[in-house]
Every structure is written in structure tokens, then in C-alpha cells.
Amino acid sequence: MSYNVNEKGYYGDFGGAYIPEMLYPNIEELRNNYLKITSEASFKEEFAHLLKDYVGRPSPLYFADRLSKKYNTKIYLKREDLNHTGAHKVNNTIGQILLAKRLGKNRIIAETGAGQHGVATATVCALMGIECVVYMGEVDIARQAPNVARMKMLGAKVVPALSGSRTLKDATNEAMRDWINNPVDTHYIVGSVVGPHPFPDMVARFQAVVSDEIKWQLQEKEGTEKPDYLIACVGGGSNAAGTYYHYLDDESVKIIAVEAAGKGIDTGESAATSVLGKEGIIHGSKTLMMQTKDGQITEPYSISAGLDYPGVGPMHANLYRTGRAEFISITDDEAMTAGLELSQLEGIIPAIETSHALAVFDHKKFNPNDIIVVNLSGRGDKDLQNYIDYFKL
Amino acid sequence: MSYNVNEKGYYGDFGGAYIPEMLYPNIEELRNNYLKITSEASFKEEFAHLLKDYVGRPSPLYFADRLSKKYNTKIYLKREDLNHTGAHKVNNTIGQILLAKRLGKNRIIAETGAGQHGVATATVCALMGIECVVYMGEVDIARQAPNVARMKMLGAKVVPALSGSRTLKDATNEAMRDWINNPVDTHYIVGSVVGPHPFPDMVARFQAVVSDEIKWQLQEKEGTEKPDYLIACVGGGSNAAGTYYHYLDDESVKIIAVEAAGKGIDTGESAATSVLGKEGIIHGSKTLMMQTKDGQITEPYSISAGLDYPGVGPMHANLYRTGRAEFISITDDEAMTAGLELSQLEGIIPAIETSHALAVFDHKKFNPNDIIVVNLSGRGDKDLQNYIDYFKL
Amino acid sequence: MNRINQKLQEDKKLLSIYFTAGYPELEDTVEIIEKLESSGVDMIEIGLPFSDPLADGPTIQDSSTQALKNGMSTEKLFEQLKSIRESVSIPLIIMGYFNPILQYGVEAFCIKCQETGIDGLIIPDLPVDVYHDTYKTIFDSYGLINVFLITPQTSKDRIHFIDSVSEGFIYMVSSASTTGAKSGFGDEQTQYFDRIAEMNLKNPQIVGFGISNNHTFQQATRHSKGAIIGSAFIKHLSNYGKGGISEFVESVIRSETT
Amino acid sequence: MNRINQKLQEDKKLLSIYFTAGYPELEDTVEIIEKLESSGVDMIEIGLPFSDPLADGPTIQDSSTQALKNGMSTEKLFEQLKSIRESVSIPLIIMGYFNPILQYGVEAFCIKCQETGIDGLIIPDLPVDVYHDTYKTIFDSYGLINVFLITPQTSKDRIHFIDSVSEGFIYMVSSASTTGAKSGFGDEQTQYFDRIAEMNLKNPQIVGFGISNNHTFQQATRHSKGAIIGSAFIKHLSNYGKGGISEFVESVIRSETT
Ligand SMILES: Cc1ncc(COP(=O)(O)O)c(C=O)c1O
Ligand SMILES: Cc1ncc(COP(=O)(O)O)c(C=O)c1O
């Protein structure tokens, strides 16, 4: 059984491309070209070159000594926080900007929640000298001010999404509308493994560099390519997809996906899609999503802007349904505590998104010999004000 | 002729250890041990391990294509901004914390200007589980708020320096006073190549990893270890010292040191130490420093907190006096413009300190075949508000 | 024969109007439908509001948000339309995004449509391929016509495929855009209209997006069977309420300048 | 013979007082010196204020800052002291950081000291080694005594070296600290005083740091030749001005209890 995408763009029951006809040519163009272009030698070379010299890959696989001691197990942190721009997101935007160039596009749009994807997109657009428009929910603009400032410095236009919950889902709607209105010259750099096929697969492939590196890095450090557990937080699911990618079909490697419980699963203020969601269509993809009985998409809640999304990528919906991955929900409070703990035990301030993944250690007991790899998906610079306010530091 | 330190702790006329007797045992302990400890195999191993897996070294040597085209020359950026904590400062704090542990110290103090050194110190203290107190001028606390927040998250105590100009020089005084009052258990992690011998040499050696990497990286990319020019900004001078280190005595490699002219050399609001300074004693070292006729230390000015220091390391004073390095002064305005330019040409937002180094390209013409390496000493996340305000973005 | 097909056989340019069910007031749905028919409209698209209508511009988005706030739901809409066929005889089409229909159950939804007297559906985010492979037989068994969109970017092959799957009309989107994005037609549109006309499709085409008055209605229907007004009508409702519906329709049908 | 050496030969415990020149008012320097002598003080350290006095705690820092603001400078100080030997005969020592002296020119500074009748210098950031190698001959040729500090952390060897270089007294810092940091002495200090006393150094020792009243003066001088009061006197000046100088000195010299 494979947990990867099939030829029609589905992961089990999930995926596909449920898009208005106005988007069909764009999606079709991508679908016809993404595998061809990304397998060309010149593409691979340029991608590898930029990941190395510009992004700073490989990101270290760091053995967290004091954290491991505290939880009496072996914890490795995959340091995506050290990437240029401070999160895993840039792996994907580098890939997509190279694709967009080869498709002859001269304008880029993107949606962003935490702002990390917006920054990563604005960054590659500056690098290539291409116009960039980023849609961001008005609420997120307020709670992730440093990233808004960065996008502006990079020359991108940040457009507030004023509809709905004014967070990530609405920014995504606005980006899709922009794409509908600018079908020829514009490429939409989707920021996670969501959206219509081929986006989930394409983004997962660009992020797969993460598990590709984990394999040889773990071999170097532990004499085996295989960890016992892989842990990642899941907003749309791109850092998780990258972490799992090369291990998906090897069931001896256990997978833990961490979602944001917000104020608690039962409080009505949550973003734990797998538990609270049902099958449906969101942003062009059939997947699990939070919705009313009536099929209206629910406004999610999480302290973390990057996890505050009512859907989840189709790969993850399938991992949940098939039981391949264990899904754990972490509340705001648990995440914040875990973020502070990592800061003070290891000198690494994680993004609040990432803090959710780290909170697993207070939830689940591991064996002393277990080898655990956590994707440290991003740094916490963008979240400092939230941490400070929360802990009254 | 060697531009490195001699056995007595001098670079030409500069250096030495002009310290109160109360500090003598601390300095003596360091002087007697730093070379011995840092040359032990176990030290080297742990240092190299942490630089690789924790800091994320080697930092890339990135060929800046669009910047090079604009200035019609070949510009490489040494990406210290990609280090953990976002600047070169951590190379030194990793080295010093390992030294401090081996000296049996259980309390760390540091001074900080831009906050980068404070963050880098708080970081390694968290990593090692050691108490950390950081002195920071009250003015700098206000203008580098994100870094203050980071230090607090990391569990460090940030103590405002309220005397004098309430910037870096005063924070350094306070740190020295603390050390005088806590001579036995405390190590003072000085943040630049300043202070009494052996600090300048010790810090330079820890930062020398930068030029060590440049050598093989340039060999890989250009088939030669030698650039035509090395460029770095100079506050105290540590990123510059690291950049020059292995090239110091090879005069075929030209060296450019960039100082902060503030509002202009002649305005009285400047921090261009070499031009405006005279020989004197500051923080235990004989060097060039800005002072009144009477020998009172002048309050410097720069938009950049990290360059806002009235002295310069003795290595640099000697490079200036001997003419080994060309010194260029860059105003606030020139630096800010260069910072915006890099952001929008290469997708890299530099620290304002670093922007001073980048502004050289508008000052000096290079040949199309010149190979130039600029130390991109830090990222601009800490400076976003300044950039935004300055450019009204 | 389905009312849509019957209507398409009439020897006239058809005017179809879109409005969002439950807007401006929750209980306006039936009254608006009746007024539209009595004003001379040929066909009506009843919008089932959705929280995230990504093919729509601000005007229709806002009306959907308001309708949902008013309490509109799938259940409620069918309840409102329960007796619609006692008073209304022109074709009625439900236009809605796929997710609410999926949650209701596609077959259950089709059954309800048939019971209510709905003639067809427009589901912008249900692509023709998925429809063809998975849902066509269900729609067929309840006598429902599903309408597909084409845009200036749709390829010739794909238009032929859509034509082959369609059994009513083709919804010809005037320009690649969200609803309400543009108003009026330029050379590009005219050439596109000509190009499609020359393809001699089996299904007649009705033009939508960008029609707001008699002038654009005339332009749009020169080479097509009819035109659909959406955002312009919603704007009218929000400005003037239900009162001026017949005046709005008349101004579109009858040219003001001779 | 230098006035310092003469004074050290007197058979009594010496009280030395530090104050910052130009504080509280610019022109207070001479008056304070005269009042100190007339109150019975044995020796005076005149602080040449420095912008960055890193061995000093807040009290002396603040007095330095104020003195500089008042206009104190090296030139100014020598001008004020020009005729000091007409009225004052106890030993006078200038205490200052090295940089202002370096800028004045070390030799020029020594010449001025000699002309003025200054007997010695305390330069906390001029280490004994550098002094010995570079500056001793200059100081010697102008008859100036340079005083060095030792602390509880200073090694035995180093104390012997300092003793060998010194020609007046050794400034025995009571605890490793900045000025004004601690007040009073504990076991640690007592043991340290004993330890140094047992070394039988060639130079007498005068204790500084932490002395503020008769009690601490007595403690400090049990095994030493004298004691220096700095911060406590500065505090007195800032609280009560020049008026109460003799009362302050008396309270230190004469025990209140018995
Ligand atoms: C640091 C970080 N981690 C995780 C996420 C969640 O996204 P994804 O699930 O696609 O990795 C985000 C999104 O912004 C992020 O910034
Ligand atoms: C990014 C950055 N560059 C440069 C400097 C200047 O210090 P130095 O001259 O020691 O490299 C600082 C100091 O804080 C800094 O943060």
C-alpha cells in the first residue's frame, strides 16, 4: 500500500482538483509540466544550488541533549529554523519560483497565514526580480507584524484579506480569485500541501529534501536511516509532508502528526482538523476539513497563525483515515509551555507552530532507546511578542 | 610583517591589558589557559560539533548574481546571517562558553549593543544550563526590542546600563564592574575583538572559522583561495577579524573595513573611530578611540546599535595605522539604502550593521573580474522597525 | 422535456438573473423569484450561499455572507422553494459550490431538486471530468441538467468535451475573472464570442460575467442565446431592495436609446 | 623625602579620604582639601574624574559625571591646585584613570604634579607590569610615588612583586569589588587582612573599599597602617555639602561608643 499520490492526484479518498473552470488552464498547465520540468537536469541543478548556497541547506540534524535527558529518550531536531527566512517554507518557494520562471510567468501571488510563506515567497521574487503580491488575513497581519514588515522590505505588496475570519483560509480565497483574474502571466505559489492537484504533490516533493537529508544524517549519527518516530506539526501539512516523505511507505517508522487544539478540542475554538473535520472540498481539494453540518467552512482558532487553517492536505487526511499516522492535538497553553521549554533547555526559540510538535513529549512517553526526529519547522522571531505577552516576560 | 597579535598581546602599538588589579586574576587565568584549552582535541571536537549541528555551519558563500550585475563585479556574500541566532556573534559565544565550562565557571555575564551578542550569549547559556546576565544600554534596549525579548525567552536577565550614553560602551563598563564584583565563579563573554588581552585574540580565533571556510569555499567556486577584496563592517571588529583572519598577512588580498559615519564624519554624530579617534585606553585595551582632547571617552552615534561604539579592536587600529586595510565611513542614509537594495535585489534583509559594509559598492568602483567577499554579518529581523520607519514602508 | 431545454427553443435572446437565496432578507427568496418572472426574466439562478465562494467577487461574496448570517441553509432553501412551482413556471437553476451539496449528499440533493421542481444546477467547483465520471448518472436519473462553464482560456478540445457532456446550455464566462470583476466588453470578448459561435456547438451558449445593462446584454447576445446578470442585480437589490426589480429587468430588456 | 613616606612613619593609624575633584561644585576642590586637612585627615586622594570609571560603583561614577558636567578637566585641576601647597601640607595623591593622563602626556602630567606639589598617583587601570616596564623611570625622575592595589584574589607572588615595585604604601582593596559595592567586613576580610599582615611586606598597607565609619575604620586598621574612605565621603558631600566635613571626619576618627 502506498501513501503517496496516485496518477489521478488522489491520496486514497482525498485530493483531486475541484476547481472552477476559470482555473482549469492554470492547473492543467502545471499538471502537464511539473514532473517534466522538475526532473530536468538544469532544474535539479539550480534547485540544489540555491538550496545549498542561498537557503543554507543541508539543515543540521541536531541531537538535543538536554531535551533528550529531560524526557529520557533520544530527540533529534531537524533544524529548518536555520533556513534562510527562518522556516521550511522556503524549500517550496525556491522550487516553485524556478518552475514559474520556466513556465514564463512574470507575476507571483501567494497566500500566507503566519507570514512565513509570504516572506519566503517575497524573498524568492526579490531574488528573481519578479513582481509579488501576497494575500494575508487582516487578523494575521496584526498578529504577525514582523513578517509583514519583512515582506514590505522585500518589495512585495501585502493585500489584506477582509472576508470571513480574515485569516489563512480567506487569504487563500483571495489568492485564488486573483489567479482567476490573472490566468496567463501569474503563477500562484501555494504555501502548503493543500489546494488542487498537483499542488499537494508538488509542494511535498519540494519539501521532501527534508526527509532526504534526515536519512543520511541519521545514518551518520546513529548508523541507521530509520528513526522510530517522526514528529511534525500540521497546518496545511507541508513541513510534515517533507519530514515523512521518504518514510511514508515504511511502516516500521512511526509517524506523529500534531494539530492545534486551540483552547481545547471541545471549546469551539480549535483548529484540530482531523478530529473535528469531515470529508469535504476546500480550496480545490477533497480532504478533511472543519465545517458545519451544512457544509459551510468553519472559522478555526489557534494561537498560531500558521496552524489556524480549517483544512489539512489530502496526504494527511489519508494518513489519518488509514491510521498510518497518529494524530495528537495540542492546546495553545501546552504549545506555549513547550516553546519556552525548548528556549531555555536548548537555546532555540521555536515558532509557535513548531512548539505544538514539541509539546508531544509531555503527552506521550517514549522509550529511552527510541530515536525521534522532530521537524523544527521554524524559528520564533515572528512570535516573540506573543510569547512575551503570554508569559508576561 | 605580521598583523596578528604578538606574545605580549599587542598588534603593533595597540592592545595589551590595561585593567584594574581587581580584574587581574580573571584575565591572568584566561591568558594562561585560552591557548591550551582551545588547542585540546576534546575542545576542538566539541566546538566543531556545535558549530556544525547547532549553529548550522559552514555558512554558505553565496554568489550574489543580481548585486554583482548591478555593480559589474563579482560579489560573494558570506552568509553569517544564516547562523543560529542570526549573526556571526554565536561563533564566539560557543567558543567562550566551552572555555568557561572548562574553567569551572557557573555564571556568565555579557555586554550587548545590537542585542545580537546578548542573544548569542543567552543562547549558549541556555544550551549549557548556565546562569546568564546581559548588560545593555537603556537606549539600545529601546531600539532593539526584538532581541531583548529573545534574551528573556532564553532565560537571561537583561540589566539596563543607565550611565553615560546608555549604549554599548556603558553596557561594557557595567559588565566589567560585575566581573570585578564576581571574580571567581563568573566568566565575562566579551562580544567583540575588544577589551584586554587575551580577549581580542581569543574572539578573533573563534571568529576565524569564517575566513577558514571562505578559503575552501572560494577554491571550490573560483579555483582560488584568494579573493581580491574582503569587506566587513567594524563595530568592535569581530566579524571583520573573522573575515580577514587567514588573509591578514597575505597583502595580495585587499582589506576594506567599514565604519559607521552616523550623520556624517563632521557632524559630531558619528561612530567612525579610525578617522575620528586617537590612541587611548578603552575597556582595558590600548587602541584608537573617540575621545575629547582631555581623554574623556566621547559618546558616539550611529543608527546601528552594533556599530555605536567609540573604540575599535586593537587589531583594526593596527590595520588602520599600518595602512594594511582601507577604512571607509558610511552614513546612516547610505547604509539604509544599501540594506533596502540587498533586500530587493537578493531577497536578503541584512542587519543595519551589515548594510554599512554593503554600501561600499556605491562608494568605490571595482573591476569586473574582481572577486569580492562581503561578510553578511547578520540578518535584519532585529532592525525591521527601523527600516520600516526610515523608508515609511 | 426539461424546462431549460424548452426555454432554449424559444426564438428569443434569453435573460437569466442570478441572485443569492436569503438576501437581502432570509424570506425574500420566493418573492424575488416571482417578481423576476413577472418582470419578464427567462430563467433564474438561485444562489445557495457558501462561506468561501472563491469564484465570486466582493458583491456576491458579501451577499452570501449576509444570507448565511440571515440563516440561509440548504434545508431552509428547499423549504422555501417547496411550493415554488405553484406560482412560477420559468426554468430554475440552483447555483452553489460543491461542498454544501456534498454534505447534503449528492443524491439526496438531486432528489430534493426534482421534488421542488428545480431544473438544473451550476456547481462552479465541480469539474466536468469528475461530474462525468462520478455524478452524471445520478443527475440524469433525477432529470437534472448540469451546466458547465467555459472561459476565453478554455481549449477547443475541452470545449468540445464540455459540449458533449452538456445537455442544456453552456455557460460562457465572458472573461477569465471572478464575478463582478469587469463590466463591459472589449475586442477580446467580441473575438471570443465570434470564435465560439463559429464552433457550431450542439448546446446553445449563454454569456455570463460583465453584463449589467441593456448595452452589454445586446453585445453579449449578438452571437449567443442569452445572457446572465449576477453582480449587477445583487447591487441593485442592495441599493434599492426588492421594490425596483421590474424596473431593473425592463431597463435591461428594452434599449433606452431606441 | 616624599610627604607620603614621611606620613607613613608617623606612629598612628592613618585616615585617607578620597573625593572627586570638581564635585559637588567645580570650585570646591581646594576648600574640600583644606577642610579635610584641618579636620585631621592624614592624606587625601584627589579624584581626576573620568567618563568611564569602570572600577567604581554608582556613587563615585555619579560624582565623576557631575564633575565633568561642572567643567572639571586635567588642565582645570592643575590650575585649581596651583597654590595648594601654600595652605596644605599633608600628602596629596591624584587618583585617575590612565587615559586622561595618557592624553595629557605621561611626562607632562608628572611634571605638573611635581610643580603643584602632588606626592603620588593611583591609576587603577595602569597595571604594575606596564608601569614597571614603561613608566617607572619617568615617575621616579619627578619624585612621584605610584600606588598599586592588591585584592583578596591577588596571588602571593604578585603581592611580592607589587611590594618590590612600590615605594610608598600598598592599597589593599578589602574585597574584590567596585568602590562602594560593600560596606563592612566579614570573616573573609579579617582573614585576608591577617594573611597580608603576616607577609611582612616592605611597604605598609592602607585598606580601601568598604570603610564608612569608625567601626569599619577600626576593623580595617587593626592590622594595617591606615584606611581610605571614598564612597561614604562622596555620599556625605552629596547629602550635606561641604558644611559637615569636620563632623564626618571626627565621627570616623573618634569612636562614638566609649
Ligand atoms: C514555522 C511553521 N511551521 C509550520 C507551519 C504550518 O504549515 P505546514 O503545515 O504547511 O508546514 C507554518 C505555517 O506558516 C510555519 O510558519
Ligand atoms: C550583525 C552585526 N554585524 C556587526 C556587528 C558589529 O560587531 P563586530 O564589529 O564585532 O562584528 C554587530 C554587533 O552587534 C552585529 O550584530
Side-chain angles (χ1 to χ4, degrees), chain A residues 8-10 15-29 32 111 161-165 168-186 195-197 278-287 289-299 310-311, chain C residues 48-58 61-62 64-65 68 71-77 96-105 109 122-131 133-134 148-155 158-159 162 170-173 175-182 209:
Chain A
K8 296 192 138 185
Y10 281 83
Y18 294 80
I19 46 161
E21 188 61 29
M22 292 81 101
L23 283 179
Y24 186 84
N26 308 23
I27 294 296
E28 184 70 358
E29 183 184 26
N32 288 335
E111 89 292 344
L162 303 171
S163 57
S165 54
L168 181 52
K169 126 180 128 64
D170 313 287
T172 309
N173 291 338
E174 290 305 333
M176 289 203 158
R177 288 181 187 122
D178 182 312
W179 211 19
I180 287 172
N181 286 305
N182 298 281
V184 179
D185 64 334
T186 297
H197 178 71
K278 278 188 309 178
E279 191 171 321
I281 309 287
I282 180 170
H283 297 137
S285 176
K286 187 183 274 183
T287 187
M289 55 187 269
M290 292 166 59
Q291 48 183 315
T292 64
K293 204 175 67 19
D294 238 34
Q296 307 296 344
I297 302 179
T298 310
E299 300 183 4
Chain C
L48 174 62
F50 183 50
S51 54
D52 294 75
L54 58 80
D56 289 298
Q61 279 178 55
D62 290 349
S64 299
T65 306
L68 290 171
M72 184 45 69
S73 70
T74 313
E75 204 73 67
K76 182 82 196 167
L77 178 61
Y97 287 81
F98 191 40
N99 196 53
I101 298 172
L102 198 63
Q103 299 312 315
Y104 198 89
F109 195 90
I122 303 178
I123 309 173
D125 59 343
L126 177 62
V128 61
D129 331 62
V130 179
Y131 172 77
D133 295 351
T134 314
F148 297 100
L149 278 54
I150 64 171
T151 81
Q153 262 69 48
T154 311
S155 70
R158 187 163 172 85
I159 293 174
I162 287 172
I170 288 174
Y171 190 137
M172 195 160 95
V173 175
S175 68
S177 68
T178 48
T179 54
K182 296 174 188 171
F209 291 38

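All of these numbers come straight from a predicted model, not from anything done at the bench. Here is how names work: the chains are called A, B, and so on, in the same order as the sequence lines, proteins then strands, and each is numbered from 1. Computation of the quantities below employed the complete heavy-atom set of this structure, encompassing side-chain atoms and omitting hydrogens, waters and symmetry-equivalent molecules.
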Q) Within the side chain of A:Gln296, is there an N or O that forms a donor-acceptor pair under 3.5 Å with the backbone of C:Pro49? A) yes

Q: Could you tell me which portion of C:Phe209 (side chain, backbone, both or neither) has an atom closer than 4.5 angstrom to a non-hydrogen atom of chain A?
A: side chain

Q: Counting only heavy atoms closer than 4.5 Å, note whether C:Gln61 contacts chain A via side chain, backbone, both or neither.
A: side chain

Q) In terms of heavy-atom proximity below 4.5 Å to chain A, should C:Ile123 be classed as side chain, backbone, both, or neither? A) neither

Q. Under a 4.5 Å heavy-atom cut-off, does chain A meet the side chain of C:Ile101, its backbone, both or neither?
A. neither

(Q) Donor-acceptor check, side chain of C:Asn99 to backbone of A:Ile282, threshold 3.5 angstrom: yes or no? (A) no

Q: Could you tell me which of C:Asp56, C:Asp52, C:Thr74 has the largest number of non-hydrogen atom pairs under 4.5 Å with chain A?
A: C:Asp52

Q | Under 4.5 Å from any heavy atom of chain A - which part of C:Phe50 | A | both

Q | Contacting region of A:Ala175 [heavy-atom separation from chain C under 4.5 Å] | A | neither

Q: Starting at CD of A:Glu21, measure out to CD1 of C:Ile150 and round the result to the nearest 0.5 Å.
A: 8.5 Å

Q.
Counting only non-hydrogen atoms closer than 4.5 Å, does C:Ser73 touch chain A with its backbone (N, CA, C, O), its side chain (CB onward), both, or neither?
A. both

**Q.** Portion of A:Glu28 that has a non-hydrogen atom of chain C nearer than 4.5 angstrom
**A.** neither

Q: Kindly say whether A:Gly284 contributes a backbone atom to a donor-acceptor pair with the side chain of C:Asp125 at under 3.5 angstrom?
A: no

Q.
Please classify the contact between C:Leu149 and chain A as side chain, backbone, both or neither, with a heavy-atom cut-off of under 4.5 Å.
A. both

Q: Counting only heavy atoms closer than 4.5 Å, note whether A:Glu279 contacts chain C via side chain, backbone, both or neither.
A: backbone

Q) Between A:Tyr18 and chain C, which part of the residue has a heavy atom less than 4.5 Å away: side chain, backbone, both or neither? A) both

**Q.** Side chain C:Thr151, main chain A:Met22, donor-acceptor under 3.5 Å
**A.** no

Q: Please look at C:Asp62 and chain A and tell me whether the side chain, the backbone, both or neither of the residue comes under 4.5 angstrom of a heavy atom of that chain.
A: neither

Q | Proximal component of A:Asp170, with respect to chain C [non-hydrogen, under 4.5 Å] | A | side chain

Q. Checking heavy atoms, do the side chain of A:Lys293, its backbone, both or neither come under 4.5 Å from chain C?
A. backbone

